[in-house]
Amino acid sequence: MNLLSNAIKFTNDGGKISIQLMDTEDTATVKITDNGIGMKAESLNHIFDKFYQEDKSHSSNGNGLGLPLVKRIVDLCDGTIRVKSLLGEGSSFTVELPKNNIKIEG
């Protein structure tokens with residue numbers, strides 16, 4: 001939900017957001033892409049840091065904890081999250097989760 005709400009928040013009216021779901025034998029993948037404001041290349045190194053906000057104009061709509069929380073959840077599920085973004089062109093977040101992550105302890 002955080003990735004989708006960020007896509008909405010950082011995409012102007014009339015913009016485009018796409019959601020792709022991919023299913024393989026081993027993984028489930030979701031990719032959320034927008035043509036919103038995008039991010040500077042140097043910001044990509046910090047977006048999963050707590051309280052980091054590149055765009056201060058949206059700071060009243062968040063506290064910089066959403067993406068770190070998403071990253072933590074993905075890590076706990078032994079998954080991966082990848083980000084591609086260009087300033088002024090939009091962003092794409094891809095989350096890949098293994099299907100065999102079921103752990104049974106007895």
Side-chain angles (χ1 to χ4, degrees):
M1 286 306 301
N2 176 267
L3 297 177
L4 183 55
S5 72
N6 280 353
I8 293 167
K9 182 181 356 180
F10 295 108
T11 300
N12 294 323
D13 290 345
K16 201 176 224 184
I17 297 170
S18 69
I19 302 170
Q20 293 177 292
L21 302 172
M22 294 155 273
D23 183 26
T24 68
E25 187 174 327
D26 299 325
T27 61
T29 304
V30 61
K31 182 176 183 179
I32 299 176
T33 304
D34 65 65
N35 65 348
I37 64 173
M39 293 178 269
K40 298 175 190 170
E42 60 269 16
S43 295
L44 293 175
N45 296 325
H46 301 286
I47 61 169
F48 296 116
D49 296 347
K50 289 180 184 174
F51 307 112
Y52 179 79
Q53 292 181 318
E54 176 186 33
D55 182 0
K56 305 297 184 210
S57 68
H58 288 88
S59 63
S60 64
N61 297 333
N63 54 24
L65 291 174
L67 287 176
L69 184 58
V70 169
K71 174 84 167 94
R72 179 71 175 135
I73 292 168
V74 170
D75 288 347
L76 287 171
C77 295
D78 295 326
T80 59
I81 184 166
R82 294 184 306 280
V83 185
K84 292 182 181 180
S85 187
L86 290 172
L87 190 61
E89 294 186 25
S91 301
S92 179
F93 285 79
T94 303
V95 175
E96 187 173 78
L97 300 173
K99 288 185 179 178
N100 62 349
N101 196 30
I102 300 171
K103 297 177 184 173
I104 301 173
E105 297 185 26

side-chain contact (heavy atoms from CB on, under 4.5 Å) partners of [X], counting only residues at least two apart:
| X | result |
| --- | --- |
| Ile8 | Leu4, Ile17 |
| Leu69 | Ile73 |
| Leu97 | Val74, Cys77, Val95 |

Contact summary for [X] and [Y], nearest pair of heavy atoms:
| X | Y | value |
| --- | --- | --- |
| Gly36 | Asp34 | N-OD1, 2.8 Å |
| Gly38 | Ser91 | CA-OG, 3.7 Å |
| Ala7 | Ile32 | CB-CG2, 4.0 Å |

For Thr27, all residues meeting side-chain hydrogen bond (donor to acceptor under 3.5 Å, both in side chains), sequence neighbours excluded:
Thr24
With the 4.5 Å side-chain cut-off for hydrophobic clustering, are Leu86 and Ile37 part of the same group?
no
Are Val70 and Leu21 linked, directly or through other ILVMFWY residues, by side chains that come within less than 4.5 angstrom of each other?
yes
Among Asn6, Val30, Leu67, find the residue that satisfies the side-chain contact (heavy atoms from CB on, under 4.5 Å) test when tested with Phe93.
Leu67
For residues 13-23, which residue pairs qualify under side chain to side chain donor-acceptor pair (under 3.5 Å), counting only residues two or more places apart or in two chains?
Asp23-Lys99
Distance in Å, Lys31 NZ paired with Thr29 OG1, rounded so as to fall on 0.5 Å steps
10.5 Å
Does Lys71 have any salt bridge (Lys or Arg N to Asp or Glu O under 4.0 Å) partners at least two apart in sequence or in another chain, and if so, which?
Asp75
Quick check against the 3.5 Å criterion: does Ser85 have a side-chain atom that pairs as donor or acceptor with the backbone of Met39?
yes
